[in-house]
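Read through the structure below, which is laid out as structure tokens, and then see the notes.
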Amino acid sequence: AAQTTVSATQAQVATTTVSYGDLNLASQSGVATLYRRLSRAADRVCGENEARSPREHAEFRACRTASLNRAVQQVGHPGVLALHADQRSA
């Protein structure tokens, strides 16, 4: 089955598995759904923005960005990579 693991930074150990075998990645809606799943998983492993201070918020954002980058690269699907590039430049 198609799945990937989203993990927090190396200092942290939180991981989650995102399954996507049910999605048609040949369609834009399938790619968008997978990207949303990866994004939500990155939120979860990084603490869902429970930051209370500017430093904690910055740490969450850095963790989320790194986690999502790793997950997108692990999936390696051209559509997901392109959507991720678009989201980062927006």
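Quick note: residue numbers are just sequence positions, from 1. It should be emphasised that the depicted structure is a prediction, and the values quoted were computed from it without experimental measurement.
Once rounded to the nearest 0.5 Å, the distance linking CG of L38 with CG of D43 reads 11.0 Å. The line from CG of N69 to CD of Q74 is 13.0 Å long, rounded to the nearest 0.5 Å.
Every residue two or more places apart in sequence or in another chain that forms a side chain to side chain contact (heavy atoms under 4.5 Å, CB included) with S27 is listed here: N24, S29. For R40, the side chain to side chain contact (heavy atoms under 4.5 Å, CB included) partners are R36, R44, not counting sequence neighbours. Remark: E59 engages R55 in a side-chain hydrogen bond (donor to acceptor under 3.5 Å, both in side chains) (not counting sequence neighbours). Taking the side chain to side chain contact (heavy atoms under 4.5 Å, CB included) definition, one finds that Q87 meets it with Y35, L83, sequence neighbours left out.
Closest non-hydrogen pair, T16 versus A41, comes out as CG2-CB, 3.5 Å. Considering all non-hydrogen atoms of both residues, L34 and V18 come closest at CD1-CG1, 4.1 Å. Summarising the geometry of L68 relative to S39, their closest heavy-atom pair is CD1-N, 3.8 Å, with the distance given to 0.1 Å.
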Show your reasoning for whether side chain to side chain contact (heavy atoms under 4.5 Å, CB included) applies to R61 and R64. CA-CA 5 Å; R61 298 296 303 161; R64 184 185 187 285; 3.9 Å; yes

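Within the structure, the salt bridge (Lys or Arg N to Asp or Glu O under 4.0 Å) test picks out no pair touching residues 81-90 (sequence neighbours left out). Sorted by first then second residue, the salt bridge (Lys or Arg N to Asp or Glu O under 4.0 Å) pairs that include residues 15-34, not counting sequence neighbours, are D22-R37.
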